[in-house]
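Below is one structure, written out as structure tokens; comments come after it.
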Amino acid sequence: MTDLETYKKGNIDKKFFSKIRNTKCYNPSKNTATSFVLPLELNLTKSLTCLERPASRIHAAAGSSS
């Protein structure tokens with residue numbers, strides 16, 4: 001999945017998505033984490049992990065789902 005597909009499906013602004021990608025210590029809110037659960041097509045376990053600990057790396061969860 002491309003970055004474009006991800007932020008479009010998650011209804012995230014391109015600039016905000018870029019900030020998330022480029023800020024090493026970015027801690028997303030639960031709302032932001034929720035925005036990525038569906039576009040990243042995470043399974044239930046990974047979805048709950050992202051929502052329980054939004055500061056956890058969404059990128060890491062996305063990388064392990066493929």
Side-chain angles (χ1 to χ4, degrees):
M1 178 178 296
T2 66
D3 286 353
L4 175 66
E5 291 170 327
T6 303
Y7 68 77
K8 290 272 187 185
K9 284 184 178 181
N11 200 27
I12 300 291
D13 180 71
K14 182 179 180 179
K15 288 181 183 182
F16 184 52
F17 184 78
S18 179
K19 176 184 175 183
I20 293 169
R21 294 278 298 196
N22 295 316
T23 305
K24 195 171 194 172
C25 296
Y26 180 78
N27 293 317
S29 67
K30 281 198 177 194
N31 287 337
T32 302
T34 302
S35 296
F36 284 104
V37 168
L38 291 175
L40 292 175
E41 301 171 6
L42 302 178
N43 65 29
L44 181 59
T45 303
K46 291 177 183 173
S47 298
L48 292 174
T49 299
C50 281
L51 296 176
E52 288 172 358
R53 297 179 296 142
S56 67
R57 307 245 172 155
I58 293 175
H59 302 296
S64 61
S65 66
S66 48

Query raised in the report: Does the side chain of T32 pick up a donor-acceptor pair with the side chain of S29 at under 3.5 Å?
Result: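 T32 vs S29: donor-acceptor pair found between side chains.
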Query raised in the report: Is K46 salt-bridged to E41, going by a charged N under 4.0 Å from an acidic O?
Result: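 No, no charged N to carboxylate O under 4.0 Å.
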**Report entry** Value rounded to 0.5 Å, distance of OG in S18 from OH in Y7
**Finding:** 9.5 Å
Query raised in the report: When rounded to the nearest 0.5 angstrom, what is the spacing between CG in D13 and NZ in K8?
Result: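 So the CG of D13 and the NZ of K8 are separated by 10.0 Å.
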Query raised in the report: In a check of side chain to side chain contact (heavy atoms under 4.5 Å, CB included) between F17 and each of R21, K19, K14, K15, which one passes?
Result: R21
Requested in this report: Could you point out which residue of L40, V37, T34 forms a side chain to side chain contact (heavy atoms under 4.5 Å, CB included) with S47?
Outcome: V37
Report task. For residues I12 and F36, determine if any side-chain heavy atom of one lies less than 4.5 Å from a side-chain heavy atom of the other. Result ->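 Yes; the side chains approach each other to less than 4.5 Å.
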**Report entry** Parallel, tilted or perpendicular: ring planes of F16 versus Y26, cut at 30 and 60 degrees
**Finding:**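 Aromatic pair F16/Y26 classed perpendicular.
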Query raised in the report: Between the main-chain N or O of T2 and the side-chain N or O of T6, is there a donor-acceptor pair closer than 3.5 Å?
Result: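 Pair found, side chain donor or acceptor close to backbone of T2.
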